[in-house]
Amino acid sequence: MKALAILLALLPLTLCPAPLMADWTRTGLEFHEQTPPPDPVVDRTRVATQQARRCAGSSIRFGDTAAMRGGVQADWDDQTRTLAAIAAMADSYDTASEALAATEEDGATLDSLSVLTALQFGQPVSVPTEGLAGPMLADRLFWQAMTQVPSATTATWANDILPALDAAFQADPSSFQVRAWRVIAWLQAQGFQRASCPARIADFADRLLDLSEASACPLMLGHVTHGIDRALESRPETDPDATRAAWRHFGEALLATVAGAPEVASWRGAQLTRSPDPCAPLMASELQALLRPEAAR
Amino acid sequence: MSETDDTAALDLSIAFFSAVLMLFAFVAFQLARTPRPEPAVSLSQPDIARPVQPPTWAAVAERGSWSVYDGTRLTVLDMDAITAGMRDVLNAYDGDDGYQTLTLHDGADPRSFSLRLSFRPDALPAPWQGEVLAPGPDAPCPETPRRLLRSYVAADVADVTPLTAYLARCGLTFAPLPLRDPGESGRVTVQIGLGPGSYAAEAIFR
């Protein structure tokens, strides 16, 4: 009796086992199991949108300050503007800072200019963020992060710089410099050591697609990858960290896919197959799916 | 066939043949090609307008000094003299050998400006001359505290290797800016500015 009850209880399992998840197709008298493709990790819609838009302009701006990006309006008198021009032309910090101090204007835009001038001259400076919002806050958070870069360790990148850049991105999504450094900071902070493979790939791909959203032109993305190489001081092939190299290969392949250079993307994707990184197979399959959308269906 | 028809046919044939003749004339003119002018020898594209803080691959642009190279002498510009002229027009140098004008541009950005400097590359106005150096293997290094030296190079300078070797020895980064040929006045005008156009897309970290 007990055996019968167990059998009855197991009956549904034997009749319709795990393949409930799969699709079945019939060819003649044979049934074939088709496992559904895994959930897309990289956002296909964003890739397709950027591929279609390519070199068309976007709302993302390249200026070094909120004012240059058109994010804030400052109505300065000619005296202040002349002094700001002097500060821009000067080749000594004393001349530049004296010119900015001599202005009668007051405000966050001028404070930002003083901070930026000090940073350009390599002077130590504190970057206050109190009471600011939007593009002004994004600039300050970006500069705060940049002052920490020269002496940053992996922990600094992960705990201070990356969160500051993410907050700056929230404050002003139109700033290109923030988008570019969010990718670099993620690589420096070893974001590829955290969470599961699909989550890591989705996070990195989102950051890359945020960057290529400005312009998915091949020339532009060439500059972007070169800029990343300069910041990391190596090409992906010569990166001393093999895991980071794999992620950079994936990054370049994704950008090449968006820019409409599938041969570059396949070449970069092929280099992933030799990588020891546990996420490399998933990265390669994602790239395959992006390059041949009809085959993945 | 009437007589009027005959004349009409004659007119038509004369018109046709003259049209063909005209066509030949045009074809003949088209064949006589004017030779292409030889491109002038130069280091690169002449410098027209220069952003005051040009793109480097750094997140924050680096400040540099400005200089002029005429083939033998490297003159580091005295920016304090030039900025004094920007602050007050009465202090600005104005002479046959050079002058400066500052224009503040209207627009969204309050920082937009352009500064035009007009000078003879081989005889700069005395107030603008900071250090004057003769680049060479044993020459002393410039005393400018800046690492980046943007150098306007006169149009008739064919070889900048002595200058690059000298600046490399001194640990300076060389950014050459070729000048155009001087006009009838012997002067050449450069424009240094800042505006939204200074941030082209390829200045990637801006």
Side-chain angles (χ1 to χ4, degrees), chain A residues 61-65 67-70 73-76 78-96 99 102 105 109-110 113 116-117 119-122 142-143 145-147 149 175-177 180-181 184 214-215 217 219-220 222-224 226-231, chain B residues 51-53 55-67 76-89 100 102-115 117 130 142 144-150 192-206:
Chain A
R61 295 283 169 265
F62 298 92
D64 61 347
T65 53
M68 272 295 171
R69 290 196 300 273
Q73 302 295 324
D75 190 18
W76 289 354
D78 279 1
Q79 175 69 13
T80 309
R81 295 181 59 190
T82 307
L83 288 166
I86 289 170
M89 281 301 302
D91 66 350
S92 78
Y93 179 60
D94 291 343
T95 314
E105 291 277 336
T109 309
L110 202 63
L113 192 53
L116 180 62
T117 306
L119 288 175
Q120 287 175 341
F121 279 105
F142 177 74
W143 293 329
M146 288 305 116
T147 52
V149 165
S175 171
F176 180 76
Q177 56 190 6
W181 277 90
I184 295 167
S215 158
C217 269
L219 180 64
M220 178 67 196
H223 280 298
V224 163
H226 180 67
I228 293 171
D229 294 346
R230 295 285 293 239
Chain B
V52 65
Q53 290 139 26
T56 54
W57 295 102
V60 176
E62 184 185 340
R63 290 300 189 92
S65 292
W66 301 81
S67 62
V76 181
L77 293 179
D78 184 349
M79 294 314 289
D80 285 343
I82 292 173
T83 51
M86 290 166 77
R87 193 185 288 242
D88 187 353
V89 186
Q100 66 178 74
L102 173 70
T103 313
L104 301 171
H105 294 297
D106 292 327
D109 186 79
R111 284 164 60 199
S112 313
F113 74 95
S114 65
L115 174 71
L117 298 176
T144 168
R146 304 262 73 84
R147 197 177 60 88
L148 178 66
L149 192 64
R150 286 191 280 271
I192 305 166
L194 188 66
S198 304
Y199 305 104
E202 63 267 23
I204 82 146
F205 288 134
R206 307 278 184 81

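Letters A, B, ... are given to chains in the order of the sequence lines, protein chains preceding strands, and every chain is numbered from 1. We use all heavy atoms of the structure for the numbers below, so side chains are in, but hydrogens, waters and symmetry mates are not.
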Practice prompt. Applying side-chain contact (heavy atoms from CB on, under 4.5 Å), run through R81(A) and R111(B) and close with a yes or a no.
Written response: CA-CA 6 Å; R81(A) 295 181 59 190; R111(B) 284 164 60 199; over 6 Å; no
Worksheet item: Using non-hydrogen atoms only, which part of I82(B) is less than 4.5 Å away from chain A: side chain, backbone, both, or neither?
Response: neither
Worksheet item: Which is it for M89(A) and I192(B) under the side-chain contact (heavy atoms from CB on, under 4.5 Å) test, yes or no, and what are the steps along the way?
Response: CA-CA 9 Å; M89(A) 281 301 302; I192(B) 305 166; 3.8 Å; yes
Worksheet item: chain A heavy atoms under 4.5 Å from L102(B): which part of the residue, side chain, backbone, both or neither?
Response: side chain
Discussion item. Would you say R63(B) and S92(A) are linked by a side-chain donor-acceptor pair, where the criterion is simply a distance under 3.5 Å?
Written reply: no
Item to complete: Report the distance from atom CD1 of I86(A) to atom OG1 of T83(B), rounding to the nearest 0.5 Å.
Response: 6.0 Å
Item to complete: Starting at CZ of R87(B), measure out to CG of L83(A) and round the result to the nearest 0.5 Å.
Response: 5.5 Å
Worksheet, complete the sentence: Under 4.5 Å to a heavy atom of chain B? For A99(A) that would be both
Worksheet item: Hey, what do you get for OG1 (T95(A)) to CE (M79(B)), rounding to the nearest 0.5 Å?
Response: 9.5 Å
Worksheet item: For R146(B), is it the side chain, the backbone, both, or neither that has a heavy atom closer than 4.5 Å to a heavy atom of chain A?
Response: side chain
Response to the item:
The interface call for M146(A) against chain B, heavy-atom contacts under 4.5 Å, is side chain
Worksheet item: Do the side chains of Q120(A) and E62(B) get nearer than 4.5 Å, heavy atoms only?
Response: no
Worksheet item: Minimum heavy-atom separation for G64(B) to D91(A), with atom names?
Response: O-CB, 3.5 Å
Worksheet item: Considering all heavy atoms of both residues, which atom of L104(B) and which atom of D78(A) are nearest to each other, and what is their separation?
Response: CD1-O, 3.8 Å
